[in-house]
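Per chain, numbering begins at 1; letters A, B, ... match sequence-line order. Just so it is clear, the values below take in all heavy atoms, side chains as well, and ignore hydrogens, waters and symmetry mates.
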There are 2 protein chains.
Amino acid sequence: MNDLQPLPAGKVDSVQQIIDAAAQCFMAKGLEKATIDDIADVLAATKGRVYHHFRSKNAIFFAVHRLAMQYCFDAVAPIMALDIPADDKLFQMAVAHAHVMMDTLPYQRSIRLGVDIYLRGSTTEAEREVLRELIELRNDYEDLFRDVLREGQEAGTVDVPDVGLAGRAIIGALNGLVDWYRIRPGQSEADRAAIADGLARTILYGVKA
Amino acid sequence: MNDLQPLPAGKVDSVQQIIDAAAQCFMAKGLEKATIDDIADVLAATKGRVYHHFRSKNAIFFAVHRLAMQYCFDAVAPIMALDIPADDKLFQMAVAHAHVMMDTLPYQRSIRLGVDIYLRGSTTEAEREVLRELIELRNDYEDLFRDVLREGQEAGTVDVPDVGLAGRAIIGALNGLVDWYRIRPGQSEADRAAIADGLARTILYGVKA
DNA sequence: GCGGAACAACATTCCCAGTAGTATGTTATT
DNA sequence: AATAACATACTACTGGGAATGTTGTTCCGC
């Protein structure tokens, strides 16, 4: 995939490959049905390689989840720092989030609904602790949207019945991408930009004429 | 839950109980981790009862899915028949859909992301056939929203950049309920009405002041 | 600058717990 | 007596994870 790099390669790359393969498998077959062997197969390797770097299957899922959240933060956080009106900021954040959903689809798809299910299934206390962190990460991320909403509400550029509810609505509309978006061969960057822009616009301006 | 009926009971009721128990288990532990024994336990019964009425675990999931869609149609279809402006219709549909999400949470939660995953895992052709029907059902349902959107767009009461995209946004924002809504002890019917109304309002009118 | 020890990065093999599904009772109803 | 509606007991298999084997690389004293 990225074999043509100057070959810094080494250890980090191998772990990264495993995480990436896992995300693909999780997306394709679901968290449970995807086996360690499946992940190894994608890499043309065996379980040995996977278990050398990860303690358990859960640990792999956690890594996928953490990276997925990282992608989101990296895309949206810079916009938070901009000194622009809250409504404009929100628009750009929505566009950025939509792009991340499409660009890192396997990751985002893997973590949907996965957390709370894994929470109940996790045996060790250590695992539950990691899960709480991940959930908190997610909450922090979604708070970014709520914060901007509140900022706009106070400045008068945003008007919603309930900031919390509006935040949920926005996140829901954007995350829905993960459910219906499919990577098609003939799609251009412009097509994806149109999707991201159209979604953000619909959310910001509503559907009423 | 509905024990106080005139007790028509009999066979239909037993099957219904199994489906209901399955939906609860699927919500609590996920489709894979929920076992047939779990479902039987909820009913204080054994696998025998379950397998007497259902050929396989997949068949149970299909029943849950079908019923989940049925609940949606039953709530939204009547509104389609009303002779009111498209934007008002859309608002009422959104409110109704939100209520169904909360009222039948275990069902709706069970089917999220379950379909496409099961699609790849389904062995027999018969199962895949059933899945195609279910997916088509879902598309038909979502088409209801898109149809109303288009109707409003033509009538001038709705203004969106893209009808398909706006439909996805609306569905996404509403279905997001399934992810974050939790049944709390002290919640009243009014609380849920506020959620449904607030969501619909945010979607219809957007967030811009 | 070389022999080998220690280690990293895997591959192979094996075990066993858990689970879907089956086969075979058992009881009540019609 | 036939069948519906279950319960009980059993089988077969899958997949996570551990134990162990193999190979290339690094490092270190002499």
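Evaluation of the ring pair (Phe, Tyr, Trp, His ring centres under 6.0 Å) rule for Phe26(B) yields no partner, not counting sequence neighbours. For Ile170(B), the side chain to side chain contact (heavy atoms under 4.5 Å, CB included) partners are Val207(A), Leu90(B), Phe145(B), Leu149(B), Leu174(B), Ile203(B), not counting sequence neighbours. A search for side chain to side chain contact (heavy atoms under 4.5 Å, CB included) contacts involving Pro161(B) returns Arg201(A), Thr202(A), not counting sequence neighbours. Residues meeting the side chain to side chain donor-acceptor pair (under 3.5 Å) test with Thr46(B), sequence neighbours left out: none.
Distances were taken from every side-chain heavy atom of Thr46(A) (C-beta onward) to each of dA7(D), dA8(C), dT12(C); the shortest belongs to dT12(C). If you check dC10(C), dA11(C), dA5(D) against the side chain of His53(A), the one that comes closest is dC10(C).
A close approach under 4.0 Å does occur between a side-chain nitrogen or oxygen of Ser14(A) and OP1 or OP2 of dC10(C).
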Practice task
Check the pair Gln24(B), Arg109(B) against side-chain hydrogen bond (donor to acceptor under 3.5 Å, both in side chains), reporting the backbone distance first and the verdict last.
Solution key: CA-CA 9 Å; Gln24(B) 287 180 38; Arg109(B) 207 166 160 69; over 6 Å; no
Could you list the donor-acceptor pairs under 3.5 angstrom formed between side-chain atoms of residues 92-105 of chain A and any protein atom two or more places apart in sequence or on another chain?
| from | atom 1 | to | atom 2 | distance (Å) |
| --- | --- | --- | --- | --- |
| His97(A) | ND1 | Tyr141(A) | OH | 2.5 |
| His97(A) | NE2 | Asn175(A) | OD1 | 2.9 |
| His99(A) | ND1 | Val95(A) | O | 3.3 |
| Asp103(A) | OD1 | Arg192(A) | NH2 | 2.8 |
| Thr104(A) | OG1 | Val100(A) | O | 2.8 |
| Thr104(A) | OG1 | Gln108(A) | NE2 | 3.0 |

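Rounded to an integer number of Å, the gap from NE2 of His52(B) to P of dC6(D) is 6 Å. One atom, CZ of Arg49(A), and another, C1' of dC10(C), lie 9 Å apart when rounded to the nearest Å. Rounded to a whole Å, the CG atom of Asp41(B) is 11 Å from the P atom of dA7(D). Atom CZ of Phe54(A) and atom C1' of dA18(D) are 18 Å apart (whole Å).
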Practice task
Could you encode protein contacts along nucleotides 13-22 of chain C as a string, one character per nucleotide from 5' to 3', using B for base contact, S for sugar-phosphate-only contact and - for no contact, with a heavy-atom cut-off of under 4.0 Å?
Solution key: ------SBBB
